[in-house]
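In what follows, a single structure is set out as structure tokens and then discussed.
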Protein chains: 2
Amino acid sequence: MVARGQARPTLRDVAERAGVSVSTASLVFSGKGPVAEATGERVRAAAAELGFTGPNPLASSLRQGRAGAVGVLVEGRLRMAFRDPFAVAVLDGLAEELERVPTGMLLLGQPTDDVESVVPQLAGLALDAVVFSLCGPGDHPAVDHLAARGIPMFSTGVPSDRRVTQVRIDERGSIREISRYVRDLGHRRVAQVAMPLGPMGEPGPIREELVTDANAQIPSVGRVLGFRDVFGADAPVIQTGDGSSVEGGIIAGRALLDVPERQRPTAIVAQSDVIAAGVVIAAEELGLRVPDDLSVTGFDGVDLPWLPHRLTTMDQQGRERGRIVGRLVRRRLDGTRPRNVVAPATLREGTTTARPR
Amino acid sequence: MVARGQARPTLRDVAERAGVSVSTASLVFSGKGPVAEATGERVRAAAAELGFTGPNPLASSLRQGRAGAVGVLVEGRLRMAFRDPFAVAVLDGLAEELERVPTGMLLLGQPTDDVESVVPQLAGLALDAVVFSLCGPGDHPAVDHLAARGIPMFSTGVPSDRRVTQVRIDERGSIREISRYVRDLGHRRVAQVAMPLGPMGEPGPIREELVTDANAQIPSVGRVLGFRDVFGADAPVIQTGDGSSVEGGIIAGRALLDVPERQRPTAIVAQSDVIAAGVVIAAEELGLRVPDDLSVTGFDGVDLPWLPHRLTTMDQQGRERGRIVGRLVRRRLDGTRPRNVVAPATLREGTTTARPR
DNA sequence: GATTCGACTCGAATCGTTTCGATAGGATGC
DNA sequence: GCATCCTATCGAAACGATTCGAGTCGAATC
């Protein structure tokens with residue numbers, strides 16, 4: 001957008017050169033309205049001569065009231081966020097759908113130490129919709145601002161807010177399904193590794209007061225509830241400090257497994273695949289074999305080419321989820337009022353689970 | 001941007017309600033020009049009452065000629081692109097700098113099967129600059145279009161074009177350094193696994209005709225040249241089919257290692273850390289121990305928490321690279337004409353290299 | 001008490017499109 | 001031959017802000 005040498009040609013320049021009015025020239029580029037073949041040719045020729053690359057997107061957007069961009073909100077540093085292949089898969093599917101509109105994806109990270117800073121940032125951005133992609137549970141400071149601007153919001157679970165259209169799975173039911181699978185294999189001493197339940201992710205014990213039915217739609221909470229539906233209200237659950245990450249899984253795995261054998265769980269149900277991978281790594285570090293000495297289940301169904309196992313997991317089909325969100329966004333731009341969607345998740349058996357010895 | 005119920009209030013509504021002119025109201029929000037304390041208060045109050053969330057970014061951008069967004073071009077599907085932690089680190093650093101402007105990052109993927117489709121997409125987007133983030137070597141179809149629009153372009157190596165400001169390392173020198181390290185350990189049978197040298201990534205042998213001094217600034221080519229500076233022009237090099245990925249490394253690793261011992265290299269120099277990780281995985285699959293039976297080096301210096309080794313690698317400091325690009329972009333927006341930058345890369349010894357047996 | 005100076009406010013022009021309603025002119029129907 | 005209907009084109013009014021030069025008014029200066 002920076003002038004190089006001289007000002008960029010505008011539609012007016014093109015029109016003048018082609019000997020037509022500005023409105024006719026506009027018609028040529030937008031393709032709406034009838035234009036004589038010869039006129040169109042003349043305008044295009046003039047454009048080519050002047051180096052006019054098409055109508056100024058800013059002006060066009062202003063006039064049409066469409067920004068041509070969808071915001072994608074990511075909590076914390078981008079680097080952390082993109083470690084989670086599930087989130088990336090969702091983004092991928094989203095991009096796939098948005099490419100066809102055409103609409104760009106505007107990425108917005110927010111420093112963990114200054115969560116509010118995203119609001120002024122947002123205020124300066126023209127967006128047709130916002131997708132919360134990798135945000136932790138709890139209220140999100142941007143929701144009020146966006147609601148006030150009338151910008152439609154979408155998410156795959158969090159923040160959990162009436163004003164945000166959700167595309168989620170049955171969290172509680174899904175984890176219940178995989179938990180039952182583990183129980184039916186014969187496991188009785190089973191622990192869960194959760195993603196952080198609250199906004200402030202502290203590794204270690206979870207804050208039990210957050211585990212309420214009212215919070216059941218928050219993925220991390222719903223997954224604790226479903227797990228305990230099967231293994232009882234006292235079944236041990238610890239959380240990672242940094243969301244869904246291999247390191248978090250390793251740390252949690254060590255904490256659960258580096259104990260006398262009698263206390264050691266025979267199976268660990270992780271809330272995500274990468275966490276599960278971390279648990280597997282921690283187990284092997286400690287000389288335990290998976291699945292002989294320890295069964296591990298994941299959640300998400302992502303590809304982990306570096307893991308020499310195929311995780312038993314709930315397949316959430318991240319890319320398809322992203323596509324669904326993308327389609328909702330597109331329809332919303334066309335004026336359809338979107339409704340929440342419940343996506344499917346299916347159990348996928350892998351090589352990380354077996355009967356206990 | 002969709003009206004909810006009724007039209008959103010504009011600056012004019014606010015001004016009217018506060019009993020001031022539009023220009024004064026504008027001054028209040030932009031903070032430029034002197035405004036009496038009382039007036040400012042009145043305007044802000046009116047804004048609050050009307051639910052005015054700030055000047056329309058589109059209109060503001062149009063007037064000021066700044067889009068408030070930087071495009072980030074990614075080749076192929078996002079999911080593939082984000083598998084490379086180095087690229088993500090660069091993006092992370094970039095975001096860090098851009099957050100302060102304020103400028104958003106507009107992500108643009110491009111389907112591999114229709115590379116040209118990015119141009120019309122770009123044409124509809126208002127951008128202050130474009131960063132090529134994860135693109136393969138070769139000409140990029142967007143360069144001409146962006147140059148015509150006068151939009152400044154930046155990259156960390158590719159596409160290699162005079163019109164693109166580059167922030168790169170001394171590719172050839174860096175890989176030479178790590179190759180010497182391997183040679184000095186005593187290795188003589190050494191192979192390299194390269195990222196694709198040409199636009200069409202075919203796994204397997206490289207196209208030797210691309211390995212020319214003229215292409216030395218293309219990372220994948222420069223890294224072949226530097227490697228051969230040390231191990232000779234005949235030193236074997238094969239490339240992955242999909243850029244920098246663990247799978248690519250595994251496949252290449254198998255191809256190089258699943259041969260009679262006498263032909264097997266004692267060390268493999270990979271062009272990226274994730275490729276190196278794949279090679280390590282392939283080696284261990286075949287029962288080889290790293291580093292005892294095989295030394296492996298990476299390139300990039302990224303964190304691979306799931307790999308039970310610390311790679312010997314060239315640390316490129318991706319995040320800092322991204323920050324440098326971000327600073328260049330910012331200065332460019334301020335009017336400074338940027339110049340190419342050569343960033344440092346340093347050898348980091350890990351646990352994946354040793355003397356040959 | 002006239003002059004000068006700031007601080008504050010305002011009107012109008014502008015950014016580059018799109019779109020609506022009007023108009024001209026040729027083809028068609030009767 | 002006149003009313004009717006297209007088709008192609010145009011002028012002007014938005015879209016919602018920013019910015020520049022000009023104007024007002026009270027206080028300070030001499």
Side-chain angles (χ1 to χ4, degrees), chain A residues 1-3 6-43 46-47 50-68 123-128 149-150, chain B residues 1-3 6-43 46-47 50-68 123-128 149-150:
Chain A
M1 297 269 100
V2 181
Q6 38 201 343
R8 309 220 52 71
T10 73
L11 199 52
R12 197 227 291 243
D13 301 327
V14 174
E16 210 161 273
R17 173 146 197 152
V20 299
S21 74
V22 185
S23 37
T24 301
S26 172
L27 257 23
V28 172
F29 287 102
S30 69
K32 322 182 175 177
V35 173
E37 185 54 44
T39 313
E41 212 38 71
R42 209 142 33 88
V43 171
L50 292 174
F52 180 77
T53 47
N56 180 328
L58 235 30
S60 168
S61 288
L62 172 60
R63 184 59 238 248
Q64 300 186 115
R66 285 181 75 278
L125 255 22
L127 298 172
D128 292 322
R149 280 173 71 183
Chain B
M1 296 272 98
V2 181
Q6 36 202 343
R8 309 221 52 71
T10 72
L11 198 52
R12 193 218 306 228
D13 302 326
V14 174
E16 212 161 90
R17 172 148 199 149
V20 299
S21 74
V22 186
S23 38
T24 302
S26 172
L27 258 24
V28 172
F29 287 101
S30 69
K32 322 182 176 177
V35 173
E37 184 56 42
T39 313
E41 210 40 68
R42 209 141 35 86
V43 171
L50 292 174
F52 179 78
T53 47
N56 180 327
L58 235 30
S60 166
S61 287
L62 172 59
R63 185 62 238 253
Q64 300 185 115
R66 285 182 75 274
L125 254 22
L127 298 172
D128 293 320
R149 281 173 70 183

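Computed from a prediction, not measured in an experiment: that's the story for all the values here. So that the names make sense, note that chain A is the first sequence line, chain B the second, and so on, each numbered from 1.
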* Structure fact -> As a check of understanding: the bend across the helix from dG1(C)-dC30(D) to dC30(C)-dG1(D), end axes from five pairs, rounded to 10 degrees, works out to 40°

* Atom pair distance, as rounded to whole Å: CZ in Phe29(B) and P in dG16(D) -> 15 Å

* Contact class for Ser61(B) (heavy atom, under 4.0 Å): base, sugar-phosphate, or nothing? -> nothing

* To do: Please report the closest heavy-atom contact between Leu27(A) and Lys32(A), naming both atoms and the distance.
  => CG-O, 3.3 Å

* Kindly give the heavy-atom pair with the smallest separation between Arg149(B) and Leu125(B), and that separation in Å. => NH2-O, 2.7 Å

* Counting just side-chain N and O atoms, does Thr10(B) come under 4.0 Å of either OP1 or OP2 of dG16(D)? -> no

* **Student check: side-chain heavy atoms of Leu11(B) and Phe29(B) closer than 4.5 Å** => yes

* Which pair of non-hydrogen atoms, one from Asp13(A) and one from Arg8(A), has the smallest distance, and what is that distance? -> OD2-O, 4.3 Å

* To do: Work out which heavy atom in Ala126(B) is nearest to a heavy atom in Pro57(A); give both atom names and the distance.
  => N-CB, 3.7 Å

* Asked: So does Ser23(A) reach the base of dG11(D) with its side chain, donor to acceptor, closer than 3.5 Å?
  -> yes

* What's the CD-P distance between Gln64(B) and dG16(D), to the nearest Å? -> 17 Å

* Pairwise 5' ranking along DNA chain C for Val22(A) and Val35(B), keeping only the more 5' one -> Val35(B)

* To do: Could you tell me the separation between the CZ atom of Arg63(B) and the C1' atom of dT18(D), rounded to a whole number of Å?
  => 5 Å

* To do: Report yes or no: is there a donor-acceptor pair, N or O only, under 3.5 Å between the side chain of Arg12(B) and the base of dA17(D)?
  => no

* To do: Starting from C1' on dG16(D), measure out to CZ on Arg149(A) and report it in whole angstrom.
  => 13 Å

* Tell me: NZ of Lys32(A) to P of dT9(D), nearest whole Å? -> 18 Å

* Asked: Considering only heavy atoms from C-beta outward, does the side chain of Ser26(B) approach that of Arg63(B) to under 4.5 Å?
  -> no

* Structure fact -> Sorted by chain and number, sequence neighbours left out, side-chain contact (heavy atoms from CB on, under 4.5 Å) with Ala123(A) holds for His145(A)

* Check: Arg66(A) main-chain N/O paired with Asp128(A) side-chain donor or acceptor under 3.5 Å -> no

* **Between P of dA17(D) and CG of Asp13(B), the distance in whole Å** => 8 Å

* Asked: Which pair of heavy atoms, one from Val35(A) and one from Thr39(A), lies closest together, and at what distance?
  -> CG1-CB, 4.0 Å

* **Out of dG16(D), dA8(D), dA13(D), whichever nucleotide has its closest atom nearest the side chain of Pro34(A)** => dA8(D)

* Whole-Å distance between dT18(D) P and Arg66(B) CZ? -> 13 Å

* To do: Taking the side chain as every heavy atom from C-beta outward, state whether Val43(B) and Val14(B) have any atom pair closer than 4.5 Å.
  => yes

* To do: Indicate whether OP1 or OP2 belonging to dT18(D) is found under 4.0 Å from a side-chain N or O atom of Ser30(B).
  => no

* Heavy atoms under 4.0 Å, any strand shown: does Phe52(B) hit a base, just sugar-phosphate, or nothing? -> sugar-phosphate

* Structure fact -> Students should find that the nucleotides of DNA chain C closing off the region near chain A, any atom under 4.0 angstrom from a heavy atom, are dG16(C) to dT19(C)

